[in-house]
Amino acid sequence: MLKKMLLGDYSEVGLNNRLSREKWLKKALGDIQKGQSILDAGAGELKYKSYCSHLNYTSQDFAQYDGKGDGVGIQMESWDNSKLDIISDIASIPKETNSYDNILCSEVFEHIPHPVKALEEFSRILKPGGRLVLTAPFCSLTHFAPYHFYTGFNSYFYKHYLELNDFEIVELSANGNYFEYLAQEIRFSYDLSFKDSGIKPNFLEKIAQRIVLSLYKKASIKSKSSNKMLNFGYHVIAIKK
């Protein structure tokens, strides 16, 4: 009780990026009518194939990332490309026009040098009335380098380029907010400091971290519009006209 009084409650704040995104994806994909076709574009290790068990699922990726990349930034150490159905450039998928009922593209756009061309290709291979389920970070650290070309995408990117490519947005929702994002980076910075600088936070510095996290948790709960300035990333559903 004394600890909570002194430090406040800092549990969960900054920890919900992946969990919130996966909860949203599970619902968005689960809402798709059984038996429809879906292309998982930039599928990687087919992380979301289990969410598409009721659908006719096809995976696509360029299959060049090996888990180690160029050794810069965050890497996965290992990566399995062996289960992919289609290996191609995401902006040149060897499928006929109007091939799919749905396309999933999750946390991929920051890793391709031509995201607008990818949207053009999605528009080509989606059937009229087809659904695009898309997520990408608002801001991200260097990861999977050298295949990291953009730090993130604001809502205005989607509004502008989806409309240009014959999509109607039916959902554009922020995952987290300014304070949640800062809390995530504060938590991560303490882990990063061990590896990069060799500095190990002392007791008082750890207490300071927890006090700031407690403040950000309260601010996040009360926040009305900070998600428009910064968030983990946008969740998008758009329909091909």
Side-chain angles (χ1 to χ4, degrees), residues 1-31 47-48 50-51 73-76 104-111 133-145 148 150-159 169-237:
M1 179 63 72
L2 179 61
K3 179 181 178 181
K4 188 171 182 179
M5 288 176 61
L6 291 174
L7 301 181
D9 181 7
Y10 55 90
S11 63
E12 297 185 0
V13 65
L15 298 175
N16 292 314
N17 182 357
R18 180 180 58 82
L19 293 175
S20 296
R21 180 172 63 253
E22 291 184 352
K23 181 179 179 180
W24 181 86
L25 282 169
K26 188 172 184 179
K27 183 181 186 307
L29 295 169
D31 286 343
K47 183 176 182 180
Y48 299 115
S50 62
Y51 293 177
I74 302 168
Q75 303 286 352
M76 298 301 291
L104 165 65
C105 187
S106 183
E107 306 303 286
V108 174
F109 269 28
E110 72 270 32
H111 298 298
V133 178
L134 174 64
T135 76
F138 187 109
C139 186
S140 64
L141 301 179
T142 300
H143 61 290
F144 292 26
H148 186 254
Y150 300 89
T151 55
F153 301 86
N154 202 325
S155 62
Y156 299 99
F157 170 86
Y158 303 110
K159 292 175 182 178
I169 297 174
V170 297
E171 181 178 347
L172 180 62
S173 56
N175 179 13
N177 59 36
Y178 177 83
F179 301 104
E180 287 281 345
Y181 185 89
L182 292 183
Q184 172 184 262
E185 296 309 303
I186 286 176
R187 289 179 183 275
F188 184 73
S189 69
Y190 276 71
D191 294 330
L192 185 63
S193 68
F194 298 143
K195 297 178 181 179
D196 184 63
S197 66
I199 296 173
K200 186 174 182 179
N202 61 37
F203 176 75
L204 290 178
E205 290 166 339
K206 290 180 180 179
I207 293 296
Q209 177 205 29
R210 294 169 185 176
I211 291 173
V212 172
L213 289 175
S214 175
L215 172 64
Y216 283 172
K217 180 170 182 177
K218 289 185 286 188
S220 176
I221 292 170
K222 295 287 187 179
S223 177
K224 295 180 175 63
S225 60
S226 71
N227 59 358
K228 294 181 174 60
M229 294 187 292
L230 182 61
N231 57 63
F232 295 132
Y234 281 98
H235 299 160
V236 185
I237 297 177

Exam field: side chain Ser20 to backbone Asn16, donor-acceptor pair closer than 3.5 Å: yes

Taking the side chain from Asn17 and the backbone from Gln184, do they hold a donor-acceptor pair closer than 3.5 Å? no

For Glu107, is there any backbone N or O sitting under 3.5 Å from a side-chain donor or acceptor partner on Thr135? yes

Check against side chain to side chain donor-acceptor pair (under 3.5 Å), Ser140 and Thr151: CA-CA 5 Å; Ser140 64; Thr151 55; 5.8 Å; no

Atom CG of Asn177 and atom CG of Leu230: how far apart are they, to the nearest 0.5 Å? 8.5 Å

Any non-hydrogen side-chain atom of Ser106 less than 4.5 Å from a side-chain atom of Leu134? no

side-chain contact (heavy atoms from CB on, under 4.5 Å) between Phe138 and Tyr234, worked out: CA-CA 7 Å; Phe138 187 109; Tyr234 281 98; 3.6 Å; yes

Check whether any side-chain N or O of Arg21 sits under 3.5 Å from a backbone N or O of Gly233 as a donor-acceptor pair, and report yes or no. no

The test is side-chain contact (heavy atoms from CB on, under 4.5 Å); show your working for Glu180 and Ser226 and say whether it passes. CA-CA 10 Å; Glu180 287 281 345; Ser226 71; over 6 Å; no

To the nearest 0.5 angstrom, please state how far the CD atom of Gln75 sits from the OG1 atom of Thr142. 9.5 Å

Any idea how His235 and Trp24 line up, ring-wise: parallel (<30°), tilted (30 to 60°), or perpendicular (>60°)? parallel

Evaluate the side-chain proximity of Val13 to Arg187: yes if any heavy-atom separation is below 4.5 Å, no if none is. yes

Near-ring test Tyr181/Tyr178, centroid separation under 6.0 angstrom: no

Rounding to 0.5 Å, atoms CD (Glu185) and SG (Cys139) come to a distance of 7.0 Å

Go through it in stages, so that I can follow the logic: the residues are Asn231 and Asn175, the test is side-chain contact (heavy atoms from CB on, under 4.5 Å), and I'd like the CA-CA distance, side-chain angles, deciding distance and then a yes or no. CA-CA 6 Å; Asn231 57 63; Asn175 179 13; 5.5 Å; no

From Leu213 atom CG to Asp9 atom CG, the distance as rounded to the nearest 0.5 Å: 10.5 Å

Is a side-chain donor or acceptor of Ser189 paired with a backbone partner of Ile186 at a separation under 3.5 angstrom? yes

Test side-chain contact (heavy atoms from CB on, under 4.5 Å) applied to Phe109 and Phe153, step by step: CA-CA 9 Å; Phe109 269 28; Phe153 301 86; 3.5 Å; yes

Is it the case that the side chain of Asn154 and the backbone of Phe157 share a donor-acceptor pair, with hydrogens and angles ignored and the cut-off at 3.5 Å? no

Report yes or no: does Glu110 contribute a side-chain atom to a donor-acceptor pair with the main-chain N or O of Ala136 at less than 3.5 Å? no

Lys217 (side chain) donor-acceptor with Ser11 (main chain) under 3.5 angstrom: yes

Please round to the nearest 0.5 Å and tell me the distance separating atom CD1 of Ile199 and atom CD of Glu205. 8.0 Å

Kindly give the heavy-atom pair with the smallest separation between Phe232 and Gly176, and that separation in Å. CD1-CA, 3.9 Å

I'd like to know if Glu22 pairs up with Arg18 as an ion pair, taking the criterion as any Lys NZ or Arg NE/NH1/NH2 lying under 4.0 Å from an Asp or Glu carboxylate oxygen. yes

For Leu19 and Leu15, work out which heavy atoms get closest and say how close. CD1-O, 4.2 Å

Name the orientation class of the two ring planes belonging to His111 and His143 (parallel below 30°, tilted from 30 to 60°, perpendicular beyond 60°). perpendicular

Is the Lys NZ or Arg CZ of Lys206 less than 6.0 Å from the centre of Phe203's six-membered ring, within 45° of the axis? no

When rounded to the nearest 0.5 angstrom, what distance separates OH in Tyr51 from CG in Leu25? 7.0 Å

